[in-house]
Amino acid sequence: MPKIAITFPDGSSKQFDEGVTGLQIAEGISKGLAREALAVEVNGEVWDLNRKIVMDASLKILKWNDDGGKYAFWHSSAHLMAAAIELLFPGTKFGIGPPIETGFYYDIDLGDHTLTGDDLRKIEEKMVELSAKDDPYVREEKTWEDAVLYFKEKKDPYKIELLEELKGQTITFYHSGDFTDLCYGPHLPSTGRIKAIKLLSVAGAYWRGSEKNKMLQRIYGATFPTKQELDQHIFRLEEAKRRDHRKLGQELELFLLTPKVGGGLPLWLPKGTVIREELETFLRTEQKKRGYLSVVTPHIGNIDLYKTSGHYPYYKDSQFTPVKVEDEEYLLKPMNCPHHFQIYASKPRSYRDLPVRLAEFGTCYRYEQSGELNGLVRVRAFTVDDSHMFVRQDQLKEELIGVIDLIKIVFDTLGFSDFKTRLSFRDPKNKEKYGGEDSLWIQAEKDIKEAADEAKLNYFIGIGEAAFYGPKIDFIVRDVLGRNWQLGTVQVDYVMPERFDLEYTGADGQKHRPVVIHRAPFGSLERFIGVLIEHFAAEFPLWLAPVQAAVLSITDQYFDYATQVFEELKKAGIRVELDDRNEKIGYKIRDWELKKVPYMLVVGEKERAANTISVRQHKKGDLGAMGRDTFLAKILDTIQHKSLTL
RNA sequence: GCUGAAGUAGCUCAGCGGUAGAGCAGCGGUUUCGUAAACCGCAGGUCGUGGGUUCAAAUCCCACCUUCAGCUCCA
């Protein structure tokens, strides 16, 4: 039997018979490993455990904690679900069924039948039944023609459509029990590995993601190797719901969304406005240090501005209908740029003046489809912490790095560590979607990449994610439900300066074009605060907390002293409230705990006599008595440093 | 916009053919209390809107509006 050499992740190497499988190798190492193994990585590719290895290879056994292991687990789970569906609903046509970040889904066409919660339960039960049979997942290679024939006989048009793109290639099928699917794998050794199963929801999804296609039914599910892990997962999902910014925003009176005003048009309540203003002040201060100039522009503008900018054709579907005034048409501004360009162009600029950094918290309006609206994270009126920076080509990279630095400071200050950075480039196959000369795009994408490299950003590249006028660096944060939201953004723009004929006079006395950087560290205050609420579970750091402290008197006999403490803190600039309700102290404490107020200051006989306050910290409990000055100095310090902990 | 689900008091929810219910919040009173809910009372709703079926509709049917989940699209 010929031998092959297998190299392990630790660098060690061992000889095996040719045709050995990953599972056999795992068994050779330990029984426990073989039990936990889900898939195997062979020369960087994820393979089935029982696929034969016929060449020298580097190899890693993948378990639950490896992405590749989870991927195989959920991929196999999708097949198991499809198998169950086929048994319960014969004739179902299958779309695609991939693993996703936290589970898997399968898109299916059931004809006229709409799935109910009851159906989901039945499918789930059937899956458990099939898992108990422990059928192996068997890989089979077929010619393209045989594959098409199979699905023609099975009358599965979606699979045939998928095959169209694989013409001429060797096709792989996977069988488990009586179910067969087109699939490049990899899969678990057998269905019995899937022990804990929960189907979560069913929703519509267009075939191949296009609005023009038929809508299929998509079933989302999650599976785990053990019941404990499933329970934990369900607990996490419920925990996440508790952090939902829409729920917390209502409970804590941060903002209001009411159909009486209109969908996606948030009203900021006094407590939410505190957060908003604190964030604005924070950024304004940082920007001042960096030479930004504040400007203010109106909420509407002549439609010609947007025709010049090119927003009008590109954004047509996402703008509100123009308003007519004395034969002129005005648009609710979908962006701030054209206004800022007019400010730049209002006087001649010298190369010595550049960079010019114009900044505004500018409210923009976009007509989003009703189904897109979502709390504060997707609205129709939002305020961009916008700036347009007019720079010379030779200043561009340095300015970009400066902007990235600012965004990092913003994210750091707020404790956002779990974010992704995407370099959003245009899709070269779809050039008509974008404005401007080819050469400008090549230059802009190069500039962005170099700046990102120099700023040591850990990024990935998103093809087709660019704005129509230029490439971007996007900062993306996940919300509690695992949805990704783009917050901060930096964009390089050679197109707009051209369209608006922006100029500066160079040292050579000639006219030159500036480059524009569009940037917004928060992205929009609405979305940012929405994500922030979930990030902190509305337990904000002291500098952002709408109410920083509440003074609670034990009984009404101590109202005078409580008022004294309250006035003193108020005078020092602390956001403090006085609880002089005729209630027991336990009641008041519970109330302020639920409001997530950082500090409760309890005063009664002892405190009045000693001229102190008893400090209780949110979620932490009684910290004991403290001198009034000591407490004030402590919280002023915490606020000033924007400390994340109390 | 599309597919599906849901709309009952400020909030959370029960009622699912026989003349609207609870808890919390609010208001009035009693209580004067030491670290997560004292007690008594009062008030509060054209049951999302409009049509229909019925002797009778929150409840059944239809349309529309809004919200939620997902898809598509985006800061």
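For clarity, every value in this text was computed on a predicted model and none was experimentally measured. Chain identifiers are assigned alphabetically (A, B, ...) following the order of the sequence lines, protein sequences preceding nucleic acid strands; residue numbering begins at 1 within each chain. Just so it is clear, the values below take in all heavy atoms, side chains as well, and ignore hydrogens, waters and symmetry mates.
Looking at the side chain of A/Arg616, the nearest of the listed nucleotides B/U35, B/G70, B/U32 is B/U35. Nearest to the side chain of A/Arg246, among B/C68, B/G34, B/C73, sits B/C68. You'll find that the side chain of A/Ala203 is closest to B/A69, out of B/C71, B/G34, B/A69. Looking at the side chain of A/Met215, the nearest of the listed nucleotides B/G1, B/C68, B/U3 is B/U3. Closest to the side chain of A/Glu607, from the set B/A75, B/G1, B/G34, is B/G34. Closest to the side chain of A/Gln369, from the set B/G1, B/A75, B/G34, is B/G1. For A/Ser614, counting side-chain heavy atoms from C-beta on, the closest listed nucleotide (B/U32, B/U35, B/A36) is B/U35. Comparing B/G34, B/U32, B/C74 against the side chain of A/Lys606 picks out B/G34 as the nearest. Of the candidate nucleotides B/A75, B/C71, B/U32, B/C71 has the atom nearest to the side chain of A/Arg218. Candidate nucleotides B/C74, B/U35, B/U32 were compared by shortest atom distance to the side chain of A/Glu368, and B/C74 ranks first.
The interatomic distance linking A/Glu211 (CD) with B/C73 (P) rounds to 7 Å, in whole Å. A/Leu237 has its CG atom 13 Å from the P atom of B/A69, to the nearest Å. Atom CD of A/Glu360 is separated from atom C1' of B/A75 by 16 Å (rounded to the nearest Å). Between the CD atom of A/Glu372 and the P atom of B/U3 there is a distance of 14 Å, given to the nearest Å. Across the protein-nucleic acid pair, A/Asp591 atom CG and B/U35 atom P stand 17 Å apart, rounded to whole Å. As rounded to whole Å, 18 Å separates atom P of B/C73 from atom CZ of A/Phe468.
Residue-level contact check: A/Thr114 touches the backbone only, with heavy atoms under 4.0 Å from sugar-phosphate atoms and none from bases. Within 4.0 Å of A/Leu552, counting heavy atoms only, lies no atom of the nucleic acid at all.
The aromatic rings of A/Phe419 and A/Phe411 sit perpendicular to each other, their planes meeting at more than 60°, with 30° as the lower class boundary.
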List every contact pair, protein side and nucleotides 37-45 of chain B side both N or O, where the distance is under 3.5 Å.
{"from": "B/A37", "atom 1": "N9", "to": "A/Arg590", "atom 2": "NE", "distance (Å)": "3.4"}
{"from": "B/A37", "atom 1": "N7", "to": "A/Arg590", "atom 2": "NE", "distance (Å)": "3.2"}
{"from": "B/A37", "atom 1": "N7", "to": "A/Arg590", "atom 2": "NH1", "distance (Å)": "3.2"}
{"from": "B/A37", "atom 1": "N7", "to": "A/Arg590", "atom 2": "NH2", "distance (Å)": "3.3"}
{"from": "B/A37", "atom 1": "N6", "to": "A/Arg590", "atom 2": "NH2", "distance (Å)": "2.4"}
{"from": "B/A37", "atom 1": "N1", "to": "A/Arg590", "atom 2": "NH2", "distance (Å)": "3.2"}

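A donor and an acceptor atom sit less than 3.5 Å apart, one in the side chain of A/Arg527 and one in the base of B/C74. Contact annotation: side chain of A/Arg208 to base of B/C71, donor-acceptor pair absent below 3.5 Å. At a cut-off of 3.5 angstrom, the base of B/G1 holds at least one donor-acceptor pair with the side chain of A/Tyr206.
Pairing for B/G17 is absent, judged as Watson-Crick or G-U wobble with the two contacts each under 3.5 Å. As the counterpart of B/U46, no nucleotide is assigned, since no Watson-Crick or G-U wobble pattern has both distances under 3.5 Å. Base pairing of B/U54: no nucleotide in any strand meets the Watson-Crick or G-U wobble criterion (both distances under 3.5 Å). For B/A36, there is no paired nucleotide, since no Watson-Crick or G-U wobble pair has both relevant distances below 3.5 Å. In this structure B/U67 sits in a base pair with B/A5, meeting the Watson-Crick or G-U test at under 3.5 Å. Nucleotide B/U12 forms a Watson-Crick or G-U wobble pair with B/A22, both donor-acceptor distances falling under 3.5 Å.
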Please walk me through it: do A/Arg422 and A/Glu465 pass salt bridge (charged side-chain N to carboxylate O under 4.0 Å, His left out)?
CA-CA 9 Å; A/Arg422 177 180 66 200; A/Glu465 301 284 353; 3.7 Å; yes
Evaluation steps, side chain to side chain donor-acceptor pair (under 3.5 Å), between A/His618 and A/Tyr599
CA-CA 6 Å; A/His618 173 58; A/Tyr599 286 108; over 6 Å; no
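Donor-acceptor pairing under 3.5 Å is lacking for the side chains of A/Glu360 and A/Ser294. In this model, a donor atom of one side chain and an acceptor atom of the other lie less than 3.5 Å apart for A/Gln491 and A/Thr489. A/Thr383 and A/Arg276 are linked by a side-chain donor-acceptor pair at a separation below 3.5 angstrom, with hydrogens and angles left out of the test.
The cationic atom of A/Arg218 (NZ for Lys, CZ for Arg) lies less than 6.0 Å from the six-membered ring centre of A/Tyr105 and within 45° of the ring axis.
In terms of phosphate contacts, A/Gln486 brings a side-chain nitrogen or oxygen within less than 4.0 Å of OP1 or OP2 of B/A75.
Using a distance-only test at 3.5 Å, with no hydrogens or angles considered, a donor-acceptor pair links the side chain of A/Asp119 to the main chain of A/Thr116.
Under the side chain to side chain contact (heavy atoms under 4.5 Å, CB included) rule, A/Leu216 has a single partner from A/Phe94, A/Tyr158, A/Tyr106, which is A/Tyr158.
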